Amino acid sequence: MNETRFSADLLAAGESQREAADQLAAAAEALAREANGGRSTLMPAPVAYDVLGNLKVSLALLNEVVRYLPRGLWRSLDDSRLEVYDQDLCTGQQRDPRQQLASVADHLSMLAELLDAAADRAEMAQALLSGQGYRVRH
């Protein structure tokens with residue numbers, strides 16, 4: 001693959017990844033507005049059950065992102081077609097990209113554990129609602 005093609009593919013992949021992250025943020029914002037009482041001040045258990053199920057799945061998928069990010073970052077350091085640099089944005093001082101990435105990987109590992117725990121809690125909350133329903137009174 002020539003250098004121009006690699007550069008174009010890298011840019012296209014980056015834009016696609018950013019777009020997916022933007023869509024995730026927009027969907028999370030829309031759900032937050034629905035859940036925070038902006039549209040309705042109540043949420044019956046069957047609806048909450050479904051919301052919790054989707055949150056559980058979303059947390060698991062986010063965990064997949066978090067667990068694979070370090071792999072992609074390390075590969076970028078080892079790819080001979082890229083010259084990776086790192087500098088402190090406040091001081092301008094150059095930093096070792098590998099050291100920075102090691103710290104990032106540690107934080108992402110902790111985040112993955114928290115996402116696992118959050119998905120478990122969503123599942124537990126969902127299970128507690130599994131038998132609850134409602135009827136509209138006339």
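For clarity, every value in this text was computed on a predicted model and none was experimentally measured.
Between L115 and L59, the shortest heavy-atom distance links the atoms CD2-CD2, 3.7 Å. Pairing each heavy atom of L77 with each of P97, the nearest pair is CD2-CB, 3.7 Å.
Partners of Q93 according to the side chain to side chain donor-acceptor pair (under 3.5 Å) rule, which considers only residues two or more places apart in sequence or in another chain, do not exist here. With sequence neighbours left out, the side chain to side chain donor-acceptor pair (under 3.5 Å) criterion links D79 to R81. Taking the side chain to side chain contact (heavy atoms under 4.5 Å, CB included) definition, one finds that V47 meets it with M43, P44, V51, sequence neighbours left out. Under the side chain to side chain donor-acceptor pair (under 3.5 Å) criterion, Q94 pairs with Q87, sequence neighbours left out. Annotation: side chain to side chain donor-acceptor pair (under 3.5 Å) contacts of E83 (sequence neighbours excluded): none.
Two different hydrophobic clusters hold L114 and L55 under the rule that ILVMFWY side chains link at heavy-atom gaps under 4.5 Å. Under the 4.5 Å side-chain heavy-atom criterion for grouping Ile, Leu, Val, Met, Phe, Trp and Tyr, V65 is connected to L101 within one hydrophobic cluster. Hydrophobic cluster membership differs between L31 and L24, with clusters built from Ile, Leu, Val, Met, Phe, Trp and Tyr side chains linked at under 4.5 angstrom.
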Under 3.5 Å, which donor-acceptor pairs do the side chains of residues 12-22 form with other protein atoms, sequence neighbours left out?
unit_1	atom_1	unit_2	atom_2	d
E15	OE2	R18	NH1	3.1
E19	OE2	Q23	NE2	3.1

Can you give each donor-acceptor pair under 3.5 Å made by side-chain atoms of residues 118-137, sequence neighbours left out, with the distance rounded to 0.1 Å?
unit_1	atom_1	unit_2	atom_2	d
Q126	OE1	K56	NZ	3.3
Q126	NE2	Y49	O	3.0
S130	OG	A127	O	2.8

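A 4.5 Å side-chain heavy-atom check between Q99 and S103 finds every atom pair outside the cut-off.
The residue from N2, L10, D9 that alone fulfils the side-chain contact (heavy atoms from CB on, under 4.5 Å) condition with F6 is L10.
Residue pairs meeting the salt bridge (Lys or Arg N to Asp or Glu O under 4.0 Å) criterion with at least one partner in residues 88-105, sequence neighbours excluded, are D78-R98, D86-R95, D88-R95. Evaluation of the side-chain hydrogen bond (donor to acceptor under 3.5 Å, both in side chains) test over residues 60-77, restricted to residues two or more places apart or in two chains, returns N63-R67, N63-D116, R67-D116. Applying the side-chain hydrogen bond (donor to acceptor under 3.5 Å, both in side chains) definition to pairs two or more places apart or across chains, those involving residues 27-36 are E34-R39.
When hydrophobic residues (I, L, V, M, F, W, Y) are linked wherever their side-chain heavy atoms come within less than 4.5 Å, the members clustered with L61 are V57.
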